[in-house]
Structure formats: C-alpha cells, structure tokens
**Q** 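Dropping the structure in here first, questions after.
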Amino acid sequence: MKTANPTDLGFSILEEGFSARDTVGQKINELSMTDDRDAFYICDLGDVVKKHVRWMKALPRVTPFYAVKCNDSRAVVETLASLGTGFDCASKVEIQLIQSLGVAPDRIIYANPCKQVSQIKYASAHGVQTMTFDSEVELMKVARCHDNAKLVLRIATDDSKAVCRLSVKFGAPLKACRGLLEKAKELGLDVIGVSFHVGSGCTDPGTFTQAIADSRCVFDMGEELGFSMDLLDIGGGFPGSDNAVLQFEEITTVINSALDKYFPADPALKIIAEPGRFYVASAYTLVVNIIAKKVIEDEESASDEEDEGTNDRTLMYYINDGVYGSFNCILFDHAHCLPTLHMKPKPDEVMYTCSIWGPTCDGLDRIVEQCSLPDLQVGDWLVFEDMGAYTVAAASNFNGFQTPDIHYVMSRPAWQFVQQVRSHGMPALAEESYPFELPACCGRESNLEIPTKPYHGPVV
Ligand SMILES: *Cc1c(COP(=O)(O)O)cnc(C)c1O
C-alpha cells in the first residue's frame, strides 16, 4: 500500500481542542464575509475512523467490506483502505477505484448478482474472484467469462421492515437454492458461500437472525453437494447515525448470538459484511444558504386582532442544494432531512411553519414539506447533519447547479491511529488504549452549538 500523508488524502488536520463542528462555524463565518455563499460539506474522516473501531468492538467475528456505492469519495475509501477494511464493489469503475488505492483483489467482493459480461471479464482480468450470483443465467455467464470465480449465492431476505427494500430485485428464494447449487456443480463452478442483504435501513434485527439461519441451510446444501462452504456475507443494513430507530449495538447483539448459534467459531470460516451507511452517514454535515424567501400571509389569522404570537404566516425558504443534488436521498433513499440552525435560537424566538425548497426550476424539488423555523433571511445558513450516505454519490448537476464542495478534516489523534493501524495492524480491542475518545453508543446532542466565533448576521 502506498503511503498517504494528509496532503495526498486532501484533508486538514484539526488542531487540538478544535472539532469538525468548529470547522462548520469557522467556514460559515468565513463565507459570511463574502457574497459567495455556496453550499458546502464538512466531512469528518475521524468519524469514519471511530465507526471502524466501533464496528470491530461490536462485531469482532465480522470483517467489514465497505459498500462503495454508498459514498465513493476517494478520501473516505482511502481512509478505510488504510484501516484494512475490504470493499464491496458493484461495477468495473468501483473495482478500478479500489484497486487504484493498492487494495489487493482478495479484499474486494464483486457483490452485484446481475453483472454485464464485459465487466465480469474485467474482474477476471484484474484478479477479482469473489462474486455473488442469484440465478442460473448468471452462472452460465460466469462459467463462460471468468477463469476462476469463487461464487457466493445471494439469498433473499424478508426485508419488509427495511426502509429500502432490496430482495424484490435480488436474492434467490430458499427453495431455488438447491437447483442453483446443482447447476453450478454441473458447470464446474466453485461456490464458496452465501450472502444476503436485509434491506437498507433495517428496523428489525430479527431479519438478520432469520437470514443467518437460512444461510446455514444453504451452507449445508452446498456441503452435501461437495462444495467447501467457508464464506458467510451478512451484507449491509446497519444504521449510520444514532438518531436511527434502532441502535447499531442493538442489531449487533442479535447478530452475534445468531452467528454463535448457526455458525460457531471455526478457523476455516470467514464472515464478512457489506456496511455502507454505517461508515459514512454521520461523517458528513451539509451547510446550505438561503437564497430566496417567500412570506405567505395566513388570511384568517391576519384578520384577528393582535394574537400573542406573530406566527400568522408561513414561510418558504429556497436553498442552494436540492433533490437533484445532495437531497436526492429524499427520493432514492427515502430520507427525511431536517435542518438545524447554526445559531441557537433565542428562548423567546417566534417560530413559523416553513417549507424548504431546492434551487432548480422543478416543483418536485422540495426538501422539507413542513417544519418549524424562526424568521430567517436571505444569506442565512441552515445545517443538515448525517448527510454522508447516498447523497453526493448520486447527485446530479441538473439545471446547472453544482454539487457542494467537500472539506475533509480529521483530528490529529484519529490520523495517528490510522497511521498506527497501517503500520502495525488493528490493536487488540479489549483495551481502552485508543488515542481518542470513542463515541458514546447512545444519545447525541440534537442541536448544533456553533459557531464558536461571533456571527456577523445576515447580509441581504
Ligand atoms: C447497497 C448495498 C450495501 C450497503 O447497504 P447499507 O444499507 O448502506 O449498509 C451492501 N451490499 C449490497 C449488495 C448493496 O447493494
């Protein structure tokens, strides 16, 4: 692996006592002095590092293979590569990106059950052997186009309680598995294991238990047919922030007991997962600027004489990022995004019913249908947290609006930790010897208390 210093990675080291949140405030102050108030991101790579430590503590038996589609930022994948994760790639370009970091092919799973023939050939030519399948046609393609594939049978799960379902599109039903394994045998292919995905944004850890039990059945079928089954891939679906319905550790407790029951420790067995959202969601904070505003007078209450609140109107705010940009997650990822204020409102601040709209000329470009905010002005800033998963990765430049610049930061202790892992491997996890504080597993302040420097007020 080539060496990487902060300049290579393109991030800034945070000085001691300075957090990523402080950077948000600092950047806002900087831009508030000018007319150039483009939306921007702060990405805290230290948060990605903490997530990895948290993963290794909670799921010591499971090696994470980061799902690149969730956020393919070079700084993110390079940080993860340094920490020693594997990668779930779904296409030739994703494989190219990960191999350009110097990651060995055995740290890549080509986890797309329905691949284009030319891309299977690409994987074959570049040493990527492990790949998923869920149909006979795929087996025939692989038999023709890949010299030594190690195949992983993707099974369907009951993902009815997940936010984003995947098993309608992918995964063989249990009753089809024996036939598929027999077909693989007939074609002389090597099946090495089973994978599944419980759906992204999993809200029911029982889905994992069922899927792990089903995987056991398919393992047994495979072994009966003479395959040496030694890879279990439990997919993604883990929450990316502590504001999710279910805490990460609530899911992992259930997973660990299912693994111990159905897949007791065995040196020949390798267990991996394909987390995407888990690693990146909370690392990204998006800061947007109000570019236009409309005040809609509420006719009924306007005629009332002086009611004590003056919230007799609703406000429409237009901001400089929308559903064609970062907020595509509202359409594709079923996300609900709510802003926080970068200045804490005064205790007696009057709040209004507001809607928030993106910058394009499409009426669909609405970010928040209804929320409560004070009377803000053009030039004011709004902050959206937890914006790292399925946002920039799928953003477009529709209507001439560019995706926001991303400023990457990492604390010095996190950076030292990454370097230490790169040269000596991951330290033993039982000890409390981490050079930085681990995230509290639950709870998190709900409102930003930034900036640390005085705010100069809106300039209209
Ligand atoms: C999208 C995807 C993932 C990542 O899912 P998350 O819910 O973001 O963890 C993992 N594996 C496969 C096959 C995927 O398609």
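In each ligand, atom 1 is the first atom listed, and ligand 1 is the first ligand listed.
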**Q** Looking at every non-hydrogen atom in both residues, tell me the closest pair between Asp88 and Ala111 and how far apart they are.
**A**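 Where Asp88 meets Ala111 most closely, the heavy atoms are OD1-CB, 3.4 Å.
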**Q** Of all the atoms in ligand 1, which lie at a distance below 4.0 Å from a heavy atom belonging to Ala67?
**A**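 Heavy-atom distances to Ala67 below 4.0 Å select 3 (C), 4 (C), 10 (C).
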**Q** Can you name the atoms of ligand 1, numbered from 1 with element, that are less than 4.0 Å from a heavy atom of Ala111?
**A**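 Listed by number with element, the hits are 13 (C).
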**Q** Note the single closest protein heavy atom to atom 2 (C) of ligand 1, along with its residue, its atom name and the distance in Å.
**A**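 Checking every protein heavy atom, the shortest distance to atom 2 (C) of ligand 1 gives Lys69 NZ, 2.3 Å.
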**Q** Starting from atom 5 (O) of ligand 1, which protein heavy atom do you reach first, and at what distance in Å?
**A**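 That would be His197 NE2, 2.9 Å.
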**Q** What's the shortest distance from atom 8 (O) of ligand 1 to any protein heavy atom, and which residue and atom give it?
**A**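 Result for atom 8 (O) of ligand 1: Tyr390 OH, 2.6 Å.
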**Q** So, does Phe170 sit close enough to ligand 1 that a heavy atom of it is under 4.0 Å from the ligand?
**A**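 Heavy atoms of Phe170 never come under 4.0 Å of ligand 1.
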**Q** Salt bridge check, Asp159 against Arg165: does any charged N sit closer than 4.0 Å to a carboxylate O?
**A**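 So Arg165 pairs with Asp159 through a salt bridge.
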**Q** When you check the gap from the basic side-chain N to the acidic O, do Glu94 and Lys69 get nearer than 4.0 Å?
**A**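 Between Lys69 and Glu94 there is no salt bridge, as every charged N stays at least 4.0 Å from the carboxylate O atoms.
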**Q** Within ligand 1, which atoms have a heavy atom of Gly276 less than 4.0 Å away?
**A**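 Contacts of ligand 1 toward Gly276, numbered from 1: 4 (C), 6 (P), 8 (O), 9 (O).
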**Q** Quick check on contacts: which atoms of ligand 1 are under 4.0 angstrom from a heavy atom of Ser200?
**A**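 Near Ser200, the atoms of ligand 1 are 6 (P), 7 (O), 8 (O).
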**Q** Would Arg154 count as a polar contact of ligand 1, with the cut-off being nitrogen or oxygen pairs under 3.5 Å?
**A**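 No.
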**Q** Quick test of your reading of the model: are Lys161 and Asp204 salt-bridged, counting only N-O distances below 4.0 Å?
**A**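 Judged by the 4.0 Å cut-off on N to carboxylate O distance, Lys161 and Asp204 do form a salt bridge.
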**Q** Could you list which atoms of ligand 1 come closer than 4.0 Å to a heavy atom of Asp88?
**A**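 Selected atoms, number and element: 10 (C), 11 (N), 12 (C), 13 (C).
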**Q** Got a salt bridge between Lys185 and Glu182, using NZ or NE/NH1/NH2 to carboxylate O under 4.0 Å?
**A**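 Salt bridge absent between Lys185 and Glu182.
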**Q** Please say whether Pro275 places an N or O atom under 3.5 Å from an N or O atom belonging to ligand 1.
**A**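 There is no such contact.
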**Q** Taking the six-membered ring of Tyr390 as reference, does the cationic atom of Arg277 (NZ for Lys, CZ for Arg) lie under 6.0 Å from its centre and within 45° of its axis?
**A**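 Negative - Arg277 is either too far from the ring of Tyr390 or too far off its axis.
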**Q** Check this for me: Lys141, atom NZ, are more than 12 non-hydrogen atoms of other residues, nucleotides or ligands nearer than 6.0 Å?
**A**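 Buried by this count: over 12 neighbours within 6.0 Å.
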**Q** Could you tell me whether Arg54 and Asp242 make a salt bridge, using a distance below 4.0 angstrom between a side-chain N and a carboxylate O?
**A**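 Looking at Arg54 and Asp242, the cut-off is met.
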**Q** If you count the atoms of ligand 1 from 1 in the order shown, which ones are under 4.0 Å from a heavy atom of Arg277?
**A**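 Near Arg277, the atoms of ligand 1 are 6 (P), 8 (O), 9 (O).
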**Q** Using a 4.0 Å heavy-atom cut-off, which part of Thr132 comes near ligand 1: side chain, backbone, both, or neither?
**A**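 No part of Thr132 is near ligand 1 at this cut-off.
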**Q** Heavy atoms only: give me the nearest Asp72-Leu97 pair and the separation to one decimal.
**A**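 Looking at all heavy atoms of both residues, the closest pair is O-CD2, 3.6 Å.
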**Q** Starting from atom 11 (N) of ligand 1, which protein heavy atom do you reach first, and at what distance in Å?
**A**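 Atom 11 (N) of ligand 1 sits closest to the protein heavy atom Glu274 OE1, 2.6 Å.
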**Q** Tell me whether the centres of the aromatic rings in Tyr66 and Phe278 are closer together than 6.0 Å.
**A**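 Centroid separation for Tyr66 and Phe278: 6.0 Å or greater.
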**Q** With respect to Gly201, determine whether any N or O atom, backbone or side chain, lies less than 3.5 Å from an N or O atom of ligand 1.
**A**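 No; the residue has no nitrogen or oxygen that sits under 3.5 Å from a nitrogen or oxygen of the ligand.
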